[in-house]
Amino acid sequence: MRLILLGAPGAGKGTQANFIKEKYNIPQISTGDMLRAAIKAGTELGLAAKQVMDAGGLVSDDLIIGLVKERLKQDDCANGYLFDGFPRTIPQADAMKEAGINVDYVLEIDVPDDSIIERMDGRRCHPGSGRVYHVKFNPPKVDGKDDVTGEDLVQRDDDKAETVKKRLDVYHNQTEVLLGYYNDWAKSGAEGAPKYRRITGVGAVEQIRDSVFAALAE
């Protein structure tokens, strides 16, 4: 199973990625994790990336593709892999195609912006333990207090509505074009084209998980 997971920030990709990884016994590949691992391992590409990052630059698509190809040679990718947060742009998607990095499925988790904002803006967490609550969907027993310690819960800055809206704007402006890119490629029936599946990411986590597995079985 080789797939790309697409969807807006807060659409629940991380949760569903965990179910997919377990079911198909494949690693989740995110460029952030990959960069950190390559830098730590001191590989040629990792050192080149570190040099760019230390200078405050953006790592080029060519370098990222090189890291991806390096990563896919590792043993844990024998059964496939799951890309999360990559590709982010059309040039990256084109570079993947040109590099012969194939995928079987592109899975889009579709959640309306209003639902994402409600989902994220309502999150509260207990800094000491990492326990997460939601003012509407999973409220603490006492408003604003952790169930276990009674300590104050906080709202992380990146969960605040205005921050979430900015992240969604970036997604719509930069990454959403990939939905059309992969959908059109899938419809073309061209050799090597992936299957494109869209599922609704609203509802119970288990219900969404079952929709994901059903879509990947088609």
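Residues Phe83 and Ile101 form a side-chain contact, since some pair of their non-hydrogen atoms from C-beta on lies under 4.5 Å apart. Using a 4.5 Å cut-off on side-chain heavy atoms (C-beta onward), Ile20 and Val212 make contact. The closest side-chain heavy-atom distance from Ile29 to Cys77 is below 4.5 Å. Under the 4.5 Å side-chain criterion, counting only non-hydrogen atoms from C-beta, Ile39 is not in contact with Leu47. For the pair Leu63/Leu45, a side-chain contact is recorded, criterion being any heavy-atom separation below 4.5 Å from C-beta on. Counting heavy atoms from C-beta outward, Ile199 and Asp110 have side chains that stay 4.5 Å or more apart.
Within the structure, side-chain hydrogen bond (donor to acceptor under 3.5 Å, both in side chains) contacts touching residues 44-64 (residues at least two apart or in different chains) are Lys50-Asp54, Asp61-Gln92. Residue pairs that meet the side-chain hydrogen bond (donor to acceptor under 3.5 Å, both in side chains) test with at least one member in residues 94-103, sequence neighbours left out, are Asp94-Tyr181. Residue pairs meeting the salt bridge (charged side-chain N to carboxylate O under 4.0 Å, His left out) criterion with at least one member in residues 132-144, sequence neighbours excluded, are Glu118-Lys136. Each side-chain hydrogen bond (donor to acceptor under 3.5 Å, both in side chains) pair with one or both residues in residues 205-218, not counting sequence neighbours, appears once here: Arg197-Glu218. Every pair passing side-chain hydrogen bond (donor to acceptor under 3.5 Å, both in side chains) that includes a residue from residues 3-19 is listed here, sequence neighbours excluded: Asn18-Lys21.
Nearest heavy atom pair, residue Pro87 against residue Ile4, reads CD-CD1, 3.8 Å. The minimum heavy-atom distance between Gly192 and Trp185, with the atom names listed, is O-CZ2, 3.6 Å. For Gly80 against Pro27, the heavy-atom pair with the smallest separation is O-CD, 3.3 Å. Closest approach of Ala49 and Leu35 over heavy atoms only: CB-CD2, 3.6 Å. Taking all atoms of both residues into account, the shortest heavy-atom contact from Gly10 to Ile116 is O-CG1, 4.0 Å. Listed here is the closest heavy atom pair of Ile65 and Ala99: CG2-CB, 3.7 Å.
The structure places OH of Tyr24 at 6.5 Å from CZ of Phe213, a figure rounded to the nearest 0.5 Å. Atom CD1 of Ile26 sits about 5.5 Å away from atom CG of Leu3, to the nearest 0.5 Å. With rounding to the nearest 0.5 angstrom, the CG atom of Leu107 is 5.5 Å from the CG atom of Leu216. From Leu5, atom CG reaches atom CZ of Phe86 across 14.5 Å, with rounding to the nearest 0.5 Å. Of the inter-residue distances, the one linking Asn183 atom CG with Leu179 atom CG reads 8.0 Å to the nearest 0.5 angstrom. Atoms CD and CG, from Gln28 and Asp33 in turn, are 7.5 Å apart once rounded to the nearest 0.5 Å.
Placement of Ile208 and Met120 within a single hydrophobic cluster is found when ILVMFWY residues are connected by side-chain heavy-atom separations under 4.5 Å, directly or transitively. Hydrophobic clustering (side-chain heavy atoms under 4.5 Å, transitive across Ile, Leu, Val, Met, Phe, Trp, Tyr) keeps Tyr81 apart from Tyr105. In the hydrophobic clustering of this structure, Met1 does not group with Val103; members are Ile, Leu, Val, Met, Phe, Trp, Tyr whose side-chain heavy atoms approach within less than 4.5 Å, directly or through other members. Residues Val106 and Val68 share a single hydrophobic cluster, defined by chaining ILVMFWY side chains whose heavy atoms lie under 4.5 Å apart. Taken together through direct or relayed side-chain contacts under 4.5 Å among Ile, Leu, Val, Met, Phe, Trp and Tyr, Leu153 and Val135 form parts of separate hydrophobic clusters.
Using modelled atom types, one side-chain atom of Ser188 and one backbone atom of Ala190 make a donor-acceptor pair closer than 3.5 Å. Of the possible polar contacts, one joining the His134 side chain to the Arg119 backbone as a donor-acceptor pair under 3.5 Å is found. Side-chain atoms of Tyr133 never come within 3.5 Å of backbone atoms of Pro140 as a donor-acceptor pair (strictly under, hydrogens ignored).
Residues that satisfy the side chain to side chain donor-acceptor pair (under 3.5 Å) test with Asp152, not counting sequence neighbours, are Lys145. Partners of Glu176 under the side chain to side chain donor-acceptor pair (under 3.5 Å) rule, at least two apart in sequence or in another chain, are His172. Taking the ring-ring contact (aromatic ring centres under 6.0 Å, His included) definition, one finds that Tyr182 meets it with nothing, sequence neighbours left out. Partners of Asn79 by side chain to side chain donor-acceptor pair (under 3.5 Å), not counting sequence neighbours: none found. The side chain to side chain donor-acceptor pair (under 3.5 Å) test applied to Asp76 returns Arg71, not counting sequence neighbours.
In this structure, a donor-acceptor pair under 3.5 Å is present between the side chains of Asp121 and Gln155.
No cation-pi contact links Lys187 to Tyr196, judged by a cut-off of 6.0 Å to the six-membered ring centre and 45° from its axis.
Side-chain contacts under 4.5 Å among hydrophobic residues (ILVMFWY), followed directly or transitively, place Val148 with no other residue at all.
Comment: Lys195 does not engage Asp104 in a salt bridge, judged by the lack of any side-chain N to carboxylate O separation of less than 4.0 angstrom.
Applying the side chain to side chain contact (heavy atoms under 4.5 Å, CB included) test between His126 and each of Thr149, Val154, Val132 identifies Thr149 as the sole match.
Crowding of Arg131 atom CZ: a count of heavy atoms from other residues, nucleotides or ligands under 6.0 Å exceeding 12.
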Could you give the side-chain donor-acceptor pairs of residues 159-170 under 3.5 Å, partners two or more places apart or in another chain?
from	atom 1	to	atom 2	distance (Å)
Asp159	OD1	Arg123	NH1	3.4
Lys160	NZ	Asp157	OD1	3.1
Thr163	OG1	Asp157	O	3.1

